A.B. asks: 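Below are the structure tokens for one structure; questions will follow.
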Amino acid sequence: MSAGVPVPSGPFVPAGSVRVFDTTLRDGEQAPGAGLTAAEKLEVARQLARLKVDVIEAGFPAASPGDFEAVRRIAQETPQDIAVAALARCRDGDPQRAIEAIKVAHKPHLHVFIATSDIHLKHKLRIDRDEALAEAVRWVRHGRQELGRDAEIEFSAEDASRTDLDYLLKVYEAVVDAGATTVNIPDTVGYAIPSEFGALVGRVVDLVGDRATVSVHCHNDLGLATANTLAAVQAGARQVEVTINGLGERAGNASLEEVVMALRTRPTQFPDLGSGVQTEHITAASRLVSYLTGFAVQPNKAIVGGNAFAHESGIHQDGVIKNPLTYEIMTPQSVGLTGSQLTIGKLSGRRGLQGKLRELGYELEGDALDAIYRQAIELADAKKEVTDADLLALIEQRASEVPASVVLLGWSVTSSHGGKATGTVTLTVNGTERSTEATGNGPVNALFRAVDEALQPALGWHPTLTEYEIKAVSAGEDAQGQVLVRCRRSSDVGPGALVVSGHGLSTNIIEASLDAYLVATNKLHGAEINGVDVAFVSRRPGTGLP
Ligand code: KIV
Ligand code: ZN
């Protein structure tokens with residue numbers, strides 16, 4: 001029994017429900033190179049709120065001041081029906097930081113974890129089983145005392161699927177006695193097979209009964225994360241930990257869209273169970289996360305891949321035209337693919353745009369709506385038709401805006417067959433104007449070098465490009481080009497170097513490339529001068545995160 005504070009009694013998840021715990025902003029963000037700024041994390045949290053997940057795991061506050069701030073802002077802003085979770089190791093300092101960050105939330109959800117498998121205890125933590133159990137109990141009890149009776153306290157036994165069963169059950173029993181209301185069973189290294197994982201979950205469900213919600217957290221190393229999660233639900237788990245697009249460490253986590261759509265599409269396999277997720281917002285969430293993290297979604301990815309609802313062969317097309325049920329087990333509309341293409345022209349009004357955006361899953365008004373409206377009308381001047389994809393790209397572009405200390409005023413470039421390209425740029429760095437010229441093996445290279453020459457004397461570094469990608473947002477020769485770059489500071493070498501992404505969007509691909517380069521530059525500069533506004537958890541070495 002938790003000293004001083006009564007331990008709440010369950011059940012905690014209403015009958016018929018599976019609680020959807022989204023960890024895109026914590027485990028997903030740990031994917032190497034997926035680091036988001038605090039502002040970008042907020043944007044994703046808003047989309048998760050539209051999706052109506054039950055819990056948003058917003059981050060790991062002890063990892064960096066930036067992540068603390070991001071979690072705190074998400075806790076402040078998230079609507080009252082959605083819980084905000086923060087992760088903490090069972091180690092002095094971590095839970096206190098997490099509690100500090102989430103205590104402003106309407107529904108704070110503290111998530112503490114410690115490894116329990118012998119391999120982790122011996123080689124990573126270098127403590128024995130009794131010590132791990134004592135730490136688990138200590139920090140669960142601390143959370144209950146600090147956050148009070150109504151808060152959700154979740155305990156995770158890291159590497160549970162490779163932990164000795166008797167010991168694992170002993171740990172879960174002890175943490176429930178200490179005040180945990182959710183016990184999570186992570187398959188940390190994606191080792192489990194559905195039948196055995198279901199059996200393990202069944203043992204924990206029998207042990208804790210109504211005293212705590214049983215949760216699962218599956219990684220995808222063997223491509224079984226969704227299958228294991230669903231087996232766990234059939235065995236009695238009532239919280240699923242998932243990420244948008246299956247983003248996450250290594251091969252990723254169980255994907256939200258797959259788990260939620262499986263529950264919805266196969267009701268007889270999950271009798272009387274469902275989630276509260278508004279599935280029509282899935283496509284918008286997938287696009288936003290892919291855009292902000294720079295992690296493309298593979299075309300054949302279930303539910304959200306570009307080909308998920310495309311039918312190529314004649315036989316399939318014929319069947320779908322006669323009756324979509326022949327080859328579609330769910331409708332594209334149910335995941336937010338509207339199918340309409342032509343959206344806005346020069347004469348369209350704000351209201352029409354607002355309605356269209358609502359259809360695409362975005363509720364915009366006031367200044368935000370005005371800004372997108374202006375951009376959409378400008379775009380309608382530059383290209384024949386403004387499509388859904390164009391509008392989504394404009395919205396995503398807005399989501400990744402960063403405060404700019406380096407501002408581009410103008411550029412020009414000459415380039416010809418077989419010769420070198422020469423580019424000039426004029427920009428301001430902290431208000432001081434600089435013009436530079438450089439050559440390169442092509443127009444983009446020449447302009448990036450010119451930017452580097454302007455920045456080096458002013459900042460003592462320039463961005464070093466580690467990745468460059470370009471794609472057309474929609475079909476047609478007048479399509480907008482969307483550019484993604486990843487950069488680090490030239491002065492920041494070594495394995496822990498901060499790598500950031502930047503995006504650019506324009507019908508002129510050189511302009512889009514320069515814009516992307518400058519966004520990345522401004523993120524790097526922002527991180528240098530104001531660590532608090534950025535959160536790149538995945539790039540902080542030594543946090544000991546699973
Ligand atoms: O994979 C894992 O074990 C985790 C825990 C912290 C839940 O991410
Ligand atoms: Zn994990």
Side-chain angles (χ1 to χ4, degrees), residues 19-32 34 55-63 67 71 83 85-91 94-95 97-98 102 109-121 123-125 132 135-136 139-140 143 152-163 168 171-172 175 180-192 197 200-201 204 212-226 228-229 232 237 239-256 259 537-538 540 542-546:
R19 188 160 74 194
V20 175
F21 175 113
D22 181 280
T23 182
T24 308
L25 293 175
R26 199 277 298 169
D27 216 333
E29 214 227 2
Q30 281 170 226
V55 187
I56 297 174
E57 187 165 46
F60 177 46
D67 213 30
V71 176
L87 182 70
R89 290 165 294 192
C90 288
R91 174 192 291 193
D94 267 37
R97 257 333 241 166
I102 55 170
H109 181 132
L110 177 68
H111 182 188
V112 294
F113 78 97
I114 194 164
T116 49
S117 67
D118 287 336
I119 191 162
H120 276 236
L121 292 177
H123 299 289
K124 189 180 83 173
L125 297 179
E135 287 302 298
W139 292 109
V140 165
E152 190 65 51
I153 309 290
E154 169 168 347
F155 171 77
S156 281
E158 188 192 359
D159 207 16
S161 53
R162 293 194 300 168
T163 298
L168 184 67
V171 172
Y172 285 139
V175 293
T181 36
T182 297
V183 289
N184 186 32
I185 311 174
D187 182 25
T188 303
V189 290
Y191 179 73
F197 195 60
L200 167 62
V201 171
V204 181
T213 304
V214 175
S215 166
V216 289
H217 175 109
C218 298
H219 280 271
N220 206 27
D221 300 64
L222 291 173
L224 293 171
T226 297
N228 283 331
T229 303
Q239 174 173 290
V240 290
E241 301 199 352
V242 289
T243 60
I244 303 289
N245 298 340
L247 193 69
E249 288 266 18
R250 307 181 310 278
N253 289 60
S255 105
L256 178 144
V259 171
V537 184
S538 58
R540 306 272 154 171
T543 50
L545 276 172

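As the structure is a computational prediction, the values presented were derived from the model and not from experiment. When a ligand or atom number is given, it counts from 1 through the structure's own listing order.
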A.B. asks: Would you tell me which option among Ile185, Asp187, Thr188, Val112 has the nearest heavy-atom contact to atom 3 (O) of ligand 1?
C.D. replies: Thr188

A.B. asks: With a heavy-atom distance limit of 4.0 Å, tell me whether Thr23 approaches ligand 1 through its side chain, its backbone, both, or neither.
C.D. replies: neither

A.B. asks: Would you indicate which of Ser161, Ala160, Ser156 comes nearest to atom 7 (C) of ligand 1 when only heavy atoms are counted?
C.D. replies: Ser156

A.B. asks: Looking only at heavy atoms, what is the nearest atom pair of Thr182 and Ala212, with distance?
C.D. replies: N-CB, 4.3 Å

A.B. asks: Taking only heavy atoms of Glu158 into account, list the atoms of ligand 1 that are under 4.0 Å away from them.
C.D. replies: 3 (O)

A.B. asks: Pairs of nitrogen or oxygen atoms closer than 3.5 Å, one from Arg26 and one from ligand 1: do any exist?
C.D. replies: yes

A.B. asks: Does the side chain of Phe60 reach to within under 4.5 Å of the side chain of Gln30, using non-hydrogen atoms?
C.D. replies: no

A.B. asks: Select one of side chain, backbone, both or neither to describe which atoms of His111 lie under 4.0 Å from any atom of ligand 1, heavy atoms only.
C.D. replies: side chain

A.B. asks: Are any of the N/O atoms on His217, whether in the backbone or the side chain, positioned under 3.5 angstrom from an N/O atom of ligand 1?
C.D. replies: yes

A.B. asks: Looking only at N/O atoms, are His219 and ligand 1 under 3.5 Å apart anywhere?
C.D. replies: yes

A.B. asks: Would you check whether Asp159 has a nitrogen or oxygen atom less than 3.5 angstrom from a nitrogen or oxygen atom of ligand 1?
C.D. replies: no

A.B. asks: Return the set of residues passing salt bridge (charged side-chain N to carboxylate O under 4.0 Å, His left out) with Glu57 (not counting sequence neighbours), or none when no residue passes.
C.D. replies: Arg26

A.B. asks: Is it the side chain, the backbone, both or neither of His120 that has a heavy atom closer than 4.0 Å to ligand 1?
C.D. replies: neither

A.B. asks: Less than 4.5 Å apart, side chain to side chain, heavy atoms only: is that true for Asp27 and His219?
C.D. replies: yes

A.B. asks: Restricting to non-hydrogen atoms, name the atom on Val204 and the atom on Val183 that form the minimum distance, rounded to 0.1 Å.
C.D. replies: CG1-CG2, 4.0 Å

A.B. asks: Please confirm whether the backbone N or O of Ser117 pairs with a side-chain atom of Thr163, one donor and one acceptor, at under 3.5 Å?
C.D. replies: yes

A.B. asks: Not counting sequence neighbours, which residues clear side chain to side chain contact (heavy atoms under 4.5 Å, CB included) with Ala160? List them please.
C.D. replies: Ala157, Leu168, Tyr172, Ile185, Pro186

A.B. asks: Quick one, Glu154 and Ser215 - any side-chain contact, counting heavy atoms below 4.5 Å?
C.D. replies: yes

A.B. asks: Provide the number and element of each atom of ligand 1 under 4.0 Å from a heavy atom of Asn184.
C.D. replies: 7 (C)

A.B. asks: Identify the heavy atoms of Leu224 and Ala192 that sit nearest to each other, and give their distance.
C.D. replies: CD1-O, 3.6 Å

A.B. asks: What part of Asp27, side chain from CB on, backbone N/CA/C/O, both or neither, has a heavy atom under 4.0 Å from ligand 1?
C.D. replies: side chain

A.B. asks: If the Zn ion (ligand 2) is the vertex, what is the angle to NE2 of His219 and OD2 of Asp27, rounded to 10 degrees?
C.D. replies: 100°

